[in-house]
Amino acid sequence: MDGGEHLPDFLAACRSVLANVLDELLGLPADDGKVIRQDADEIPADETVIAEEPSAPALVTADVQALRTERGVELHVVCEGQRTCAYYDPPSRTVTVPSGPGRGAYDSPSGAAVAVVWAPNPHVNPNRNGWSFWTVTPTGALLQSIR
């Protein structure tokens with residue numbers, strides 16, 4: 001017996017101790033064990049999923065819809081003297097770079113920005129906020145303007 005079967009219990013105890021220490025440092029009430037903490041990686045049970053109300057505002061406004069082409073909202077950035085074009089899909093918030101540095105499909109504007117910066121310059125820190133990195137081509141405003 002190598003003790004590996006006790007690892008999940010040990011890790012749970014460590015998380016509990018760490019959570020209590022952080023709660024104390026932040027001035028939050030102590031965990032009395034009555035609240036069940038859900039791991040961030042766990043999928044919530046059906047009863048904890050919040051459904052969107054039919055009357056909730058649309059995530060994509062008419063102004064943003066008007067900017068959409070067949071491929072999405074046209075974006076661009078000039079990085080290292082090279083213009084890179086991309087397309088933003090407002091409902092999914094994904095960005096596709098069809099060609100050039102960083103070519104590919106990305107789950108977020110920031111993911112696409114990192115790829116575009118890193119592709120020609122792997123020696124630089126590529127971390128970028130995609131919302132303030134990309135320019136909406138038809139308006140000239142930053143992508144955050146249609147967020």
Side-chain angles (χ1 to χ4, degrees), residues 7-8 10-147:
L7 183 61
F10 172 75
L11 293 175
C14 288
R15 278 194 303 267
S16 178
V17 168
L18 182 58
N20 286 334
V21 168
L22 289 172
D23 286 347
E24 185 178 331
L25 287 171
L26 295 171
L28 300 172
D31 180 15
D32 60 4
K34 293 178 185 174
V35 176
I36 298 173
R37 294 179 188 248
Q38 183 177 14
D39 283 341
D41 294 336
E42 289 181 20
I43 296 175
D46 287 342
E47 62 271 6
T48 61
V49 175
I50 299 172
E52 186 174 311
E53 292 291 325
S55 61
L59 294 176
V60 181
T61 64
D63 293 343
V64 174
Q65 286 289 27
L67 297 172
R68 291 183 78 172
T69 66
E70 186 176 302
R71 297 177 82 179
V73 177
E74 293 181 46
L75 307 176
H76 73 274
V77 66
V78 177
C79 188
E80 295 287 317
Q82 181 174 357
R83 182 182 174 108
T84 300
C85 296
Y87 297 94
Y88 172 66
D89 180 56
S92 65
R93 293 187 165 191
T94 58
V95 173
T96 301
V97 180
S99 62
R103 179 178 146 182
Y106 301 93
D107 291 336
S108 69
S110 295
V114 166
V116 167
V117 170
W118 186 81
N121 297 306
H123 63 277
V124 300
N125 180 349
N127 291 336
R128 299 292 186 275
N129 179 334
W131 299 102
S132 58
F133 179 81
W134 295 101
T135 298
V136 178
T137 301
T139 66
L142 294 177
L143 181 55
Q144 67 190 10
S145 68
I146 63 169
R147 189 172 191 176

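Residue numbers start at 1 and run along the sequence shown. We use all heavy atoms of the structure for the numbers below, so side chains are in, but hydrogens, waters and symmetry mates are not.
- A pairwise comparison of heavy atoms in Arg68 and Pro90 identifies NE-CD, 3.9 Å as the closest pair.
- Residues Gln65 and Pro91 form no side-chain contact, since every pair of their non-hydrogen atoms from C-beta on lies 4.5 Å or further apart.
- How far CG of Leu11 is from OG of Ser16: 12.5 Å, rounded to the nearest 0.5 Å.
- Closest heavy-atom contact between Val117 and Pro126: CG1-CA, 3.8 Å.
- Inter-residue side-chain proximity for Val136 and Leu67 is flagged as met; some heavy-atom pair is nearer than 4.5 Å.
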Show the atom names and distances, to 0.1 Å, of all donor-acceptor pairs under 3.5 Å that link a side chain in residues 76-88 to residues at least two apart or in another chain.
unit_1, atom_1, unit_2, atom_2, d
His76, ND1, Arg83, NH2, 3.4
His76, ND1, Thr137, OG1, 2.8

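- No more than 12 heavy atoms of other residues, nucleotides or ligands shown are found within 6.0 angstrom of CH2 on Trp118.
- Checked by atom type and distance alone, the side chain of Asn121 never pairs as donor or acceptor with a backbone atom of His123 at under 3.5 Å.
- Within the 4.5 Å cutoff, no side-chain heavy atoms of Ile146 are placed close to those of Asp63.
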Side chain to side chain contact (heavy atoms under 4.5 Å, CB included), that's the test. Do Val116 and Arg128 meet it? Break it down for me. CA-CA 10 Å; Val116 167; Arg128 299 292 186 275; over 6 Å; no
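- Looking at Ser108 and Ser110, their side chains never bring a donor and an acceptor atom within 3.5 Å of each other.
- Contact record, Ala112 with Trp134: CB-CZ2, 3.8 Å, taken as the closest heavy-atom pair.
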List the atom pairs, donor and acceptor, that lie under 3.5 Å between side-chain atoms in residues 98-105 and the rest of the protein, sequence neighbours left out.
none

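- Two residues are said to be in side-chain contact when any heavy atoms from C-beta on lie closer than 4.5 Å; Tyr106 and Val114 fail this criterion.
- Taking OG1 from Thr135 and CG from Leu143, the interatomic distance works out to 9.0 Å, rounded to the nearest 0.5 Å.
- Looking only at side-chain heavy atoms (C-beta outward), Ser145 and Leu142 stay at 4.5 Å or farther from each other.
- Salt bridge absent: Arg93 and Asp107 never bring a charged side-chain N and a carboxylate O closer than 4.0 Å.
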Please determine whether side chain to side chain contact (heavy atoms under 4.5 Å, CB included) holds for the pair Arg71 and Thr96, giving the CA-CA distance in whole Å, both sets of side-chain angles, and the decisive distance to 0.1 Å. CA-CA 9 Å; Arg71 297 177 82 179; Thr96 301; 5.7 Å; no
